[in-house]
Amino acid sequence: MDPIFIVILIVLGILAVLDLIVGVTNDAVNFIGASLGTRIASKRTILIVASVGILVGVVTSNGMMEVARSGVYNPEMFTFTEVMFLLVGAMLADVVLLNTFNLLGLPTSTTVSLIFELLGSAVAVACYKVSQDAGLSIADVGGFINSGKALAMISAILVSVVLSFIVGVTIMYFSRILFSFRYEKRMNRYGALWCGVALVGILYFAIFKGMKSSGLISTETMQILNDNITSILFYCWIGFSVILFLLQRINVNIQKITILSGTFALALAFAGNDLVNFIGVPMAGLDSYNMAMESGDVNMTMEGLAGPAKANPIYLIAAGIMMVLTLFFSRTAMKVAETSINLASQNDEEERFNSTAFSRAMVRFAVNISNLYEKIVPQKLAVVIERQFEPIPEEERDGKAYDNVRAIVNLSAAAMLICIGTSFKLPLSTTYVIFMVAMGSSLADKAWGRESAVYRITGVMVVISGWFMTAISAFVISFVISTLLMWGGWIALLAVILLCGYALCHNIIFKSKKTAEEKKSMISESEAETDVLYFCTKVVGETMERVSYIYNHMLVALFNENRKVLKDAMEQSRVMYNEANERKYEILSTLKKFEDEKIETGHYYVQVVDFLCEVSKALLHCTRPAYEHIDNNHRGFTEEQIMDLKQINDEVDEIFNKINDMLKRKDFSDIDDIMVMRDKLFSTIADKIKNQIRRLKAGGMSTRGSMLYMNILNETKTMVLQSRNLLKSEAYFLNEIKEKKK
């Protein structure tokens, strides 16, 4: 046996481990998000319940392994060598894809990526075979692909996105009508019956259907269950309802039981449905290697992969243990819920997405439908329904993103949909099923109000569009890698492995740096929200020092026509402006967290934030045109213009040094000196503008250079003006704080 196949097996094993870790880290929100969002139990309890679900789920995933063996391609059309290159090409593409999407911060689906990576690799290998066989044509490529099953899986994913949204909307709408937001009394009356329905659904779809192919339930037993399923479910509902009713009488929280049961079911569904995404391809590679070893022929066709998958239980249990360990010890696993929770939250959250023409059109359409609904539905009935959707005040929500009723709907509906797909061996995207159920329930629950709907619809569309990007990228990357492997053999395999290793290491380093920066930024923002004095001393001082540094380097680089330094200055100023702009939009959420004694100083904080934004904007309007001017290879400044700007720079530098010194010392007794220095600078700028006008009249001046020169002078004037206003507001704020302390 050629050693290259041993190398391929080792690579597949390593990639399987990496995929398990990354997969659980990214997808943990799918099964613990609802429990964490409602704070129904401690994080430790939630993780333990999810871990048990994962360990049970990996045992039920055996039947799903066929997806990687024969779900996308026809294995009998490929030899052992071709299948091994096909599989390793798909896994290497997976590393490149996941790392690329992580770096870009775009959503992705491991299920979608698996299907299209296998599809791209299979097409690449098929094209190679056609090119090497004169008796084949490009039209024969379709015979290598299991097009019927591949289309069925792709269609299932597409349908699940729409169906999940509809199911979420429908169940949530009627559930809210039944219970309203103040559901305690009604939950005591008939909550046991409602939670009993949820538990029956979870039991049937997550246990009966999910474990059907695991071998833990015999065929005879499964047949009996299927023949009597209606009566069994009815008696289970009666039994669950009675048990839950009795538990209610002794003050046991049956909502907690239901939500944790749903968490267990989703964890089971995640492991049963998604485990194939992480170890399915390596397991198919191992099975192929064993078949070739038995036959001793590396050119044998792999029709054996079309048979039923019989994964070694030891591998499945080991994978489950690794998933559990990742769930408990991954630092980022608890942070991936931010997007879905923000989009589904009942509270006023900071919106992460901008509005688009599509989202605005959708909101206008929804408003028109709502107006039509009000005309059709009798007024008395409309009033009764509307009363059921009256949210409780924010102070009574205790910071929860949504209540227990919505969490139960999200969990039970998603679990049923996923396990239906798993029972039919259709690898649904658990990420998108759970996400779309949550979005549907949010819409029905009126969490998307007029203030937030356009932004949240945009967020949903971004996530859905990420699916299409994942599919296209997975196909193209795997096609390219598998083509290189088929033509390049050993050399290509080594080169691609080194490239993927570099991408992985680069991503880990980049992610570590980014995490550290975000942690530092998060600490700063947290302190700024709870102690505005911190913000108005440290952050303002640091920002003004950065403005002075960037402005000075921008002018020097412009004089020397140094494109690289100008680009760096533009990027720094752009980042600073974005930070200031985001801080400006966070003003309201920050003011809400003010302590009572600081309310009187709130307007000074608003002024400081606004002036900081204006200063950074003026700086950006200097650096960006300067970089574009040099980047487009336009003529630089004349000697006269450079001398004028050097004088301006000296005076600006003097002003900023004075401002920074006052901010460091927190002594604003010399603030009037800034006014004198500012007026002197404005007079100098006026003189320089007059000089430029004279030069223009004399002729020989570059039009673009003159426009840039005038722009820098005007923006410098604005920057210094707003800096002085910032210093003045800072002085008033700190003096007010001192007076409050006295």
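For this chain, numbers begin at 1 and follow the sequence in order. Only a predicted model underlies this, so the values are computations on that prediction, with no experimental measurement involved.
- Under the 6.0 Å distance and 45° angle rule, Arg249 counts as a cation-pi partner of Phe245.
- Between Leu411 and Thr263, the closest heavy-atom pair is CD2-N, 4.0 Å.
- Asn410 contributes atom CG, which lies 10.0 Å from atom CD1 of Ile171 (distance to the nearest 0.5 angstrom).
- Scanning for side chain to side chain donor-acceptor pair (under 3.5 Å) contacts around Ser241 gives Trp237, with sequence neighbours left out.
- When every heavy atom of Val324 is checked against every heavy atom of Ser51, the shortest pair comes out as CG1-OG, 3.4 Å.
- With sequence neighbours excluded, no residue forms a side chain to side chain donor-acceptor pair (under 3.5 Å) with Trp194.
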Would you check, one step at a time, whether the test side chain to side chain donor-acceptor pair (under 3.5 Å) holds for Arg406 with Ser175?
CA-CA 8 Å; Arg406 178 134 57 106; Ser175 297; over 6 Å; no
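- Checked by atom type and distance alone, the side chain of Arg186 pairs as donor or acceptor with a backbone atom of Leu178 at under 3.5 Å.
- Ser164 contributes no side-chain N or O that, together with a main-chain N or O of Val161, makes up a donor-acceptor pair within less than 3.5 Å.
- Between Val377 and Leu381, the shortest heavy-atom contact is CG1-CD2, 3.9 Å.
- The two residues Ile408 and Ala198 come nearest to each other via the heavy atoms CG2-CB, 4.0 Å.
- The side chain to side chain donor-acceptor pair (under 3.5 Å) test applied to Thr45 returns Ser42, not counting sequence neighbours.
- Judged as a side chain to side chain donor-acceptor pair (under 3.5 Å), and not counting sequence neighbours, Gln388 has no contacts.
- The side-chain hydrogen bond (donor to acceptor under 3.5 Å, both in side chains) analysis of residues 377-387, with sequence neighbours excluded, yields the pairs Glu386-Lys446.
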Less than 3.5 Å apart, which donor and acceptor atoms pair up between the side chains of residues 255-262 and the rest of the protein, not counting sequence neighbours?
{"unit_1": "Gln255", "atom_1": "OE1", "unit_2": "Asn404", "atom_2": "ND2", "d": "2.8"}
{"unit_1": "Thr258", "atom_1": "OG1", "unit_2": "Ile254", "atom_2": "O", "d": "2.9"}
{"unit_1": "Ser261", "atom_1": "OG", "unit_2": "Ile257", "atom_2": "O", "d": "2.7"}

